[in-house]
Amino acid sequence: MGYSSLGDSIFETYTIQSAVPNNTINLEVPLQPLHRALRSALQATSASIRLTKKDNIPLLTLTIVTNPSSGIPHSTAFNGGNRDNEFDAEDRERSLDFSTSREREIIIDQEVPVRVLSAASVEGIHEPHCREPDVHILLPSLMQLKSISDRFTKLALVTKTAPKSGVTSGSTTLGPRLEMSANMHGCLRLSIKSDAMNISSVWTGLTNPELDPAVVAGGEDGIRDHPSTRMKALGTADGGSEAGWATVRIDGRDWGRVFS
């Protein structure tokens with residue numbers, strides 16, 4: 001995990017101090033405790049994350065500022081889980097009382113044990129080589145996307161398993177295929193098609209983030225020739241045109257597990 005390469009896209013402000021070239025800190029982070037800690041910050045008024053150390057154990061400490069009206073259930077949001085697992089998050093709550101002119105705030109520290117990796121140990125680790133994307137877009141609310149995806153998948157399963165006249169329905173190992181399409185004008189479309197139905201849901205006004213010349217091969221010239229730049233010349237912001245859409249097909253049940 002190199003904060004130097006992710007900082008601008010994830011954090012509003014960040015500070016890194018490392019003796020490693022390029023000011024990089026390489027971390028091995030357990031995903032389940034990190035996910036649990038991040039979920040507890042969904043209703044926070046502010047949050048920060050720091051690399052700290054306690055009893056000579058490196059930790060990612062997520063400090064969450066919230067208030068009693070935020071609606072975070074203490075019984076679930078701050079549950080550390082199985083303490084026998086060295087990667088389980090530890091949490092502690094500190095309540096601070098402010099003057100009567102300000103609402104009482106609560107500060108929660110969630111601690112996730114991590115491993116700091118040397119430059120030599122990650123030298124052979126590289127991101128997979130993939131072709132440049134035709135479209136890049138920020139997704140809408142994941143809860144909303146999950147709800148619609150699950151609904152489409154269930155409809156397709158019901159339609160597929162319903163017996164037709166004179167035909168015996170059998171099971172299949174392949175799940176219903178969802179189509180996810182997006183363009184470079186802030187439009188995302190989720191659809192499912194079969195012999196019995198053709199339904200879709202479209203989001204507009206989403207964000208297509210600008211590419212950073214520092215991370216695109218060729219810099220400014222690379223952006224000028226990038227597939228997404230060419231896609232910008234196609235399609236419309238209302239999603240009415242069929243031009244300029246990039247489409248992938250995904251198994252509905254596998255896609256649903258992504259949100260689990």
Side-chain angles (χ1 to χ4, degrees), residues 1-12 14 16 18-35 38 49 51 58 60 87 112 114-140 142 145-146 149 173-192 203 206-235 242-260:
M1 179 177 177
Y3 282 146
S4 59
S5 61
L6 297 177
D8 292 331
S9 59
I10 295 179
F11 305 109
E12 292 183 0
Y14 66 95
I16 305 174
S18 173
V20 178
N22 298 322
N23 206 24
T24 300
I25 302 175
N26 299 299
L27 300 179
E28 182 181 282
V29 184
L31 295 183
Q32 186 174 358
L34 179 63
H35 178 257
L38 292 175
I49 191 168
L51 179 61
L60 274 184
F87 280 129
V112 180
V114 297
R115 292 192 180 100
V116 179
L117 305 178
S118 66
S121 65
V122 300
E123 185 176 356
I125 301 175
H126 303 284
E127 294 182 4
H129 293 287
C130 302
R131 71 181 185 88
E132 292 296 328
D134 295 318
V135 169
H136 47 269
I137 192 169
L138 298 184
L139 296 177
L142 294 185
L145 188 58
K146 179 184 186 308
S149 299
T173 58
L174 294 177
R177 312 292 287 185
L178 298 176
E179 284 191 2
M180 180 172 288
S181 307
N183 67 15
M184 286 300 295
H185 298 279
C187 300
L188 178 74
R189 181 173 63 204
L190 185 68
S191 59
I192 190 161
W203 290 263
L206 302 178
T207 301
N208 300 102
E210 295 294 331
L211 295 176
D212 184 355
V215 297
V216 175
E220 295 289 350
D221 291 337
I223 292 179
R224 191 178 305 110
D225 297 329
H226 197 272
S228 63
T229 302
R230 295 192 293 270
M231 293 290 272
K232 282 184 180 180
L234 305 173
E242 287 301 317
W245 290 89
T247 301
V248 294
R249 291 175 177 83
I250 51 181
D251 184 287
R253 289 178 294 196
D254 288 344
W255 176 244
R257 294 189 189 102
V258 173
F259 299 101
S260 299

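Residue numbers count from 1 along this sequence.
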**Study point:** Full working for side chain to side chain contact (heavy atoms under 4.5 Å, CB included) between Leu34 and Val114
**Key:** CA-CA 10 Å; Leu34 179 63; Val114 297; over 6 Å; no
Got a donor-acceptor contact below 3.5 angstrom from the [X] side chain to the [Y] backbone?
| X | Y | value |
| --- | --- | --- |
| Ser149 | Gly256 | no |
| His185 | Leu234 | yes |
| Asp134 | Arg230 | no |

To the nearest 0.5 Å, tell me how far [X] [atom1] sits from [Y] [atom2].
| X | Y | atom1 | atom2 | result |
| --- | --- | --- | --- | --- |
| Arg224 | Thr229 | CZ | OG1 | 9.0 Å |
| Leu190 | Glu179 | CG | CD | 9.5 Å |
| Asn208 | Ser228 | CG | OG | 8.5 Å |
| Leu38 | Ile49 | CG | CD1 | 6.5 Å |

[X] vs [Y] side-chain heavy atoms within contact, under 4.5 Å:
| X | Y | answer |
| --- | --- | --- |
| Ile250 | Leu178 | yes |
| Pro133 | His226 | yes |
| Leu27 | Arg115 | no |
| Leu211 | His136 | yes |

Minimum heavy-atom separation for [X] and [Y], please, with both atom names.
| X | Y | value |
| --- | --- | --- |
| Leu188 | Ala182 | CD1-CB, 4.0 Å |
| Met180 | Trp255 | CE-CZ2, 3.4 Å |
| Asn26 | Ala119 | ND2-CA, 4.2 Å |
| Gly244 | Asn183 | O-CB, 3.2 Å |
| Pro33 | Pro30 | CD-O, 3.5 Å |
| Cys187 | Ile137 | O-CD1, 3.5 Å |

Check your understanding: In chain order, what residues pass the salt bridge (Lys or Arg N to Asp or Glu O under 4.0 Å) check against Asp225, with sequence neighbours excluded?
Key ->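 If we apply the salt bridge (Lys or Arg N to Asp or Glu O under 4.0 Å) test to Asp225, skipping adjacent residues, there are no hits.
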Practice item. Sequence neighbours left out, what passes ring pair (Phe, Tyr, Trp, His ring centres under 6.0 Å) with Trp203? Give chain and number order. Key: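 If we apply the ring pair (Phe, Tyr, Trp, His ring centres under 6.0 Å) test to Trp203, skipping adjacent residues, there are no hits.
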